[in-house]
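Data first, discussion second: the structure below is written as structure tokens.
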Number of protein chains: 2
Amino acid sequence: MVRIRKRKAVEAAVELPAELTQARRFSKTRSAQSGALLEDYVELIADLLSTGGEARPTDVARRLGVSHATAIKTISRLKREGLATGLPYRGVFLTQDGQKLAARVRARHRLVVDMLLALGVPAEAAEADAEGIEHYVSEATLKAFAQFLESRGQS
Amino acid sequence: MVRIRKRKAVEAAVELPAELTQARRFSKTRSAQSGALLEDYVELIADLLSTGGEARPTDVARRLGVSHATAIKTISRLKREGLATGLPYRGVFLTQDGQKLAARVRARHRLVVDMLLALGVPAEAAEADAEGIEHYVSEATLKAFAQFLESRGQS
DNA sequence: TGTGAACTGTAGCCATGGCTACACTTTTAC
DNA sequence: GTAAAAGTGTAGCCATGGCTACAGTTCACA
């Protein structure tokens, strides 16, 4: 009984394109996630280095609200991926690549926050939301943000 | 040699508040991520149900670009969390809660896309970016978006 | 100067979200 | 009405990003 389906794939060829576009978008969004964590770490390490001259795993852990073990594990991944360096017990530093990434991430973060503020989002919410949003903003969208802010005389 | 640090915690009490604020923001962002996946599934299932009358794991998998096994596993999590129902081999349906969530997610998605379009982001990028952004937009920011669009006579 | 506190690092556990491989239903089509 | 195709479900693997527990190192200060 309960005969719910009548599949069979005549329209498969028709449906596919849209399906694939959506699938591609989702995959891209998913894979952006692992990058997001690294970006946060790099951004924070750059901040610690520029304000205090050093970045130690425990500081990173505290600022990100994770255990020091987690911070150390992620930092070692940063090193594996060529974004950070440093000797045991001697703090963490950024490679050239790491510094470039940090600069890019910081600029993007500021742009997103400014954008939200310009739209009237309260400061606290703007900062918090930007933390999540910034990792998913494409170049095209960044450019649009910049133009919008410029046209308003802000930024 | 290499005496880099002079820790010792006199300023700990002073630094803590800002540190905690940031840590809280990060944790919130992190925990938003698990919700993001469920939201995507619920939104898609709602879409499949409304357009085709049924939602089958394989369709979900194809549209999201994951294997059918992954889709089934996630759908069973949806069921565990009270968002979906359905009998084996008989398709997936949304509970009341699932439907409410789907409606909220859909409205938010539309608002984010409209917002990006209003700012001059190209349509393709707007759709793609919204997929990632939408999960991190707070109520306050949504409200700001809505007001902005209204003030421009859009939406 | 040596010792305790703080920090660093390692090991091993858990859940999530992917995957492939295999087994089992259901539906289609002959 | 049955065999093949399509869909569904289960098992078991992997990497990531959390955690706690424990071991090792460095530093501050008495």
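In the text below, chain A, chain B and the rest are named by the order of the sequence lines, each starting its count at 1.
One atom, OH of A:Y41, and another, P of D:dT16, lie 14 Å apart when rounded to the nearest Å. One atom, CZ of B:R30, and another, P of D:dC19, lie 11 Å apart when rounded to the nearest Å. Taking atom CG of B:L38 as the reference point, atom C1' of C:dA15 lies 13 Å away to the nearest angstrom. At whole-Å resolution of the value, CD1 in A:I75 and C1' in D:dT16 are 16 Å apart. Distance OH (A:Y89) to C1' (D:dC27): 13 Å, rounded to an integer number of Å. The nearest whole Å value for the distance from the CZ atom in B:F26 to the C1' atom in D:dG18 is 16 Å. For B:E81 and C:dA15, the CD to P distance is 14 Å, given to the nearest whole Å. Look at CD on A:Q33: it is 19 Å from P on D:dA15, rounded to the nearest Å.
If you check every strand for non-hydrogen atoms under 4.0 Å, A:S67 touches a base. Within the nucleic acid shown, A:S76 has no heavy atom closer than 4.0 Å to any nucleic acid atom.
The phosphate of C:dT27 (OP1 or OP2) has a side-chain N or O of B:R90 nearer than 4.0 angstrom. At D:dT8, one or more side-chain N or O atoms of B:T58 fall inside 4.0 Å of OP1 or OP2 (strictly under the cut-off).
B:R30 and B:Q33 form a side-chain donor-acceptor contact under 3.5 Å, judged by distance and modelled atom types alone. Of the N and O atoms on the side chains of A:E39 and A:H109, not one donor lies less than 3.5 Å from an acceptor on the other residue.
One donor-acceptor pair, N or O on each side, does fall under 3.5 Å between the base of D:dG18 and the side chain of A:K73.
Look at A:H68 and the base of C:dC7; the rings do not stack under the cut-offs of 5.5 Å between centres and 30° between planes.
Using cut-offs of 30° and 60° for the angle between ring planes, the A:F148 and B:F148 rings count as perpendicular.
Ion pairing between a basic and an acidic side chain is recognised when a charged N comes within 4.0 Å of a carboxylate O; B:R56 and B:E54 show such pairing. By the 4.0 Å N-to-carboxylate-O rule, A:D47 lies too far from A:R106 to be salt-bridged with it.
Between A:I72 and B:T70, the residue anchored closer to the 5' end of DNA chain C is A:I72, taking for each the nucleotide with the nearest heavy atom.
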